[in-house]
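Structure, as structure tokens:
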Amino acid sequence: MAERVVVIGGDAAGMAAASQARRLRSAAELEIVVFERGHFTSYSACGIPYWVGGEVDERDALIARTPAEHRARDIDLRLRTEVLEIDVSGQRVRAHDLETGDESWLGYDKLVIATGATPIRPPLPGIDAAGVHGVQTLDDGQALIDTLEAIEGRRAVVVGAGYIGVEMAEALIHRDFQVTMVSRGTEPMATLDPDMGVLIRKAMQGMGIQVHCSAEVTEIRTDAQGRATAVVTADAEYPADVVVLGIGVRPNTDLARAAGLPLGESGGLLTDLAMRVRGHDNIWAGGDCVEVLDLISRSERHIPLGTHANKHGQVIGSGVGGGYATFPGVVGTAVSKVCDLEVARTGLLERDARACGLQFVTVIIESTSRSGYFPGTAPMSVKMIAERRTGRLLGAQIVGREGAGKRIDIAAVALTAGLTVEQIVALDLGYAPPFSPVWDPIQVAARKAVGAVRAAERS
């Protein structure tokens, strides 16, 4: 008799796991059932802001593989079906059909939890009002587009200034809305140090976005019909015809918590290197609902990114299918874009390094994407953090125009390999005037960091 694998969640991690398991085991050997409460599978959530903003023409362009394509590979995919309960001891799940209302139990031999993350909605008056949107799934994106096309006003307020917040602010600018961003942080993008975040704020203001930092939202004001009309802080009120929440996400682990599965400090599931839930040999978890090992700080962190989710799925599918693979951890690399401004980071921020008890030096340099005389060259700022005694790279941040963002991958590889800033200076990187100056900006920053490390040792 075939073993049964039940997968909860049909996006990146869940469907990657199901697909990889199917590659390794036939339907006669392994029955795969996937429950997905939404209407779509295997889509790029990272592309939603670009769809909302009109840079991507249609929703289906974000879908990598349709439900029909998964079913053609002998995966029993059940859309609009939400799992309400996991019975760990009984090895079964309780599923609710959102269309018919029917509920039933289904047993499993192996379980994969890929429930993703949910947008943070602080318990504020009016937070659930009509016209207030979180953006995490294709269904969320469609609901926001429907609102944008239906309302007459053109005033949008984005609450929060993380990746989703700044990307949605850009999307709304593309739709000719007057955009105000309200954030409790001292500068946009808390994933950067404030001395780099200020560059984001100035660029956004240059695009016509009103940016209000150090502003804590206290209320979403509504009209008599219950529709959002303004975002209120302790010091001001910002009129709004639509409100978009970009506060961040939390692991969607309510099911796991109720089932008694182990969770970390951020609420994400804890797994071993093979993505098995700790203490449970027949349960795996991956994607935005888990915590991962930070290879620099050696702590568990919640870092919700599609790149990780797809890798988790491959590892899980290998394990479920009888193979072997591991996910060793991350260095926290991410890139984003605000109009023509590219933003990238990897490794530790200053506050992270302090929290780890590390002593460090920091440098910031200004450079260009190409040789200065070459047409189209653009400026960029690079910040580098290195350990004080050893010179080991701890983190890097980049803000610049075209050609800046993907340079962070050099630093990500260096972090993974445990290189010092002196070793980065010696890297044999490619050079030609259309691609970089003779000294790549990453190496310019590393050279300055070498000097800072040596100066710190002399002091």
Side-chain angles (χ1 to χ4, degrees), residues 4-23 27 30-48 51 59-87 92-108 110-119 134-143 249-256 258-259 269 275 277 283-290 304-306 308-310 312-314 316-317 320:
R4 177 183 290 149
V5 176
V6 169
V7 180
I8 307 174
D11 194 17
M15 294 316 302
S19 297
Q20 176 66 1
R22 176 56 73 231
R23 291 186 192 102
L30 196 68
E31 178 189 0
I32 302 175
V33 180
V34 180
F35 293 112
E36 167 54 48
R37 65 183 178 184
H39 294 87
F40 310 98
T41 60
S42 300
Y43 58 86
S44 172
C46 300
I48 293 174
W51 167 41
R59 177 194 63 206
D60 290 354
L62 302 181
I63 299 174
R65 186 166 291 167
T66 66
E69 289 172 316
H70 285 300
R71 290 169 180 144
R73 303 185 66 209
D74 292 318
I75 295 173
D76 182 359
L77 173 59
R78 307 181 188 183
L79 294 177
R80 301 292 293 148
T81 307
E82 182 176 13
V83 172
L84 301 178
E85 183 180 353
I86 301 170
D87 177 3
R92 59 179 187 163
V93 299
R94 180 164 60 94
H96 172 71
D97 188 314
L98 295 171
E99 302 293 345
T100 67
D102 294 339
E103 290 188 9
S104 61
W105 288 92
L106 183 70
Y108 62 81
K110 299 174 179 178
L111 178 66
V112 176
I113 302 173
T115 46
T118 56
V135 184
Q136 180 71 11
T137 67
L138 284 188
D139 289 307
D140 295 336
Q142 187 63 65
V249 298
R250 64 170 181 82
N252 184 11
T253 50
D254 292 344
L255 270 176
L269 276 155
M275 304 306 299
V277 173
I283 304 177
W284 288 256
D288 292 354
C289 65
V290 304
L305 290 173
H308 302 168
N310 279 281
H312 295 169
Q314 291 289 312
I316 292 169
V320 167

Checklist entry - Given the rule in the side chain to side chain contact (heavy atoms under 4.5 Å, CB included) test, do Leu138 and His39 qualify, once you have shown the distances and angles that lead to the verdict? => result CA-CA 8 Å; Leu138 284 188; His39 294 87; over 6 Å; no
Checklist entry - After noting the C-alpha distance and the side-chain angles of Asp11 and Thr137, does the key distance pass the side chain to side chain contact (heavy atoms under 4.5 Å, CB included) rule? => result CA-CA 9 Å; Asp11 194 17; Thr137 67; over 6 Å; no
Checklist entry - Step by step, would you call Ile75 with Met15 a side chain to side chain contact (heavy atoms under 4.5 Å, CB included)? => result CA-CA 9 Å; Ile75 295 173; Met15 294 316 302; 4.2 Å; yes
Checklist entry - Between Val249 and Gln136, does a side chain to side chain contact (heavy atoms under 4.5 Å, CB included) hold up when you go through it step by step? => result CA-CA 8 Å; Val249 298; Gln136 180 71 11; 3.3 Å; yes
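Closest non-hydrogen pair, Ala285 versus Val277, comes out as CB-CG2, 3.8 Å. Taking both residues in full, the closest heavy atoms of Asp139 and Gly38 are given as OD2-CA, 3.7 Å, listed atom of the first, atom of the second, then distance. Contact record, Ala114 with Cys289: CA-SG, 4.1 Å, taken as the closest heavy-atom pair.
Ile283 is listed as a side-chain neighbour of Tyr108, based on a closest heavy-atom distance under 4.5 Å. Under the 4.5 Å side-chain criterion, counting only non-hydrogen atoms from C-beta, Leu106 is in contact with Val6. Side-chain contact check for His96 versus Arg37: every heavy-atom pair is 4.5 Å or farther apart. Contact check for Thr118 versus Asp254: no side-chain heavy atoms found under the 4.5 Å cut-off. Taking 4.5 Å as the limit, some side-chain heavy atom of Gln314 sits within range of a side-chain heavy atom of Arg23. Using a 4.5 Å cut-off on side-chain heavy atoms (C-beta onward), Ile48 and Asp140 make no contact. Contact of the Asp74 side chain with the Ile32 side chain is not registered, since no non-hydrogen atoms from C-beta on lie closer than 4.5 Å.
To the nearest 0.5 Å, atoms CH2 (Trp284) and CD1 (Ile113) are separated by 11.5 Å. Expressed to the nearest 0.5 Å, how far CZ of Phe35 lies from CG of Asp97 amounts to 10.0 Å. Here the CG-CD1 distance, from Leu255 to Ile86, works out to 5.0 Å after rounding to the nearest 0.5 Å.
Although no hydrogens or angles enter the test, the distance criterion places a donor-acceptor pair under 3.5 Å between the side chain of Arg22 and the main chain of Leu30. Between the side chain of Thr81 and the backbone N or O of Leu79 there is at least one donor-acceptor pair closer than 3.5 Å. In this structure, the side chain of Glu36 engages the main chain of Gly10 through a donor-acceptor pair within 3.5 Å. At least one donor-acceptor pair under 3.5 Å links the side chain of Asn252 to the backbone N or O of Thr115. Of the possible donor and acceptor atoms, none in the side chain of Arg4 sits under 3.5 Å from a partner among the backbone N and O of Val33. At least one donor-acceptor pair under 3.5 Å links the side chain of Arg71 to the backbone N or O of Leu77. Here the side chain of Arg59 pairs no donor or acceptor atom with the backbone of Gln142 at under 3.5 angstrom. Panel note: side chain Thr41, backbone Arg65; a donor-acceptor pair is recorded below 3.5 Å. Judged by distance alone, with hydrogens and angles left aside, the side-chain atoms of Ser44 form a donor-acceptor pair with the main-chain N or O of Gly47 at under 3.5 Å.
A tilted orientation is assigned to the rings of His312 and His308, their planes being inclined by 30° to 60°.
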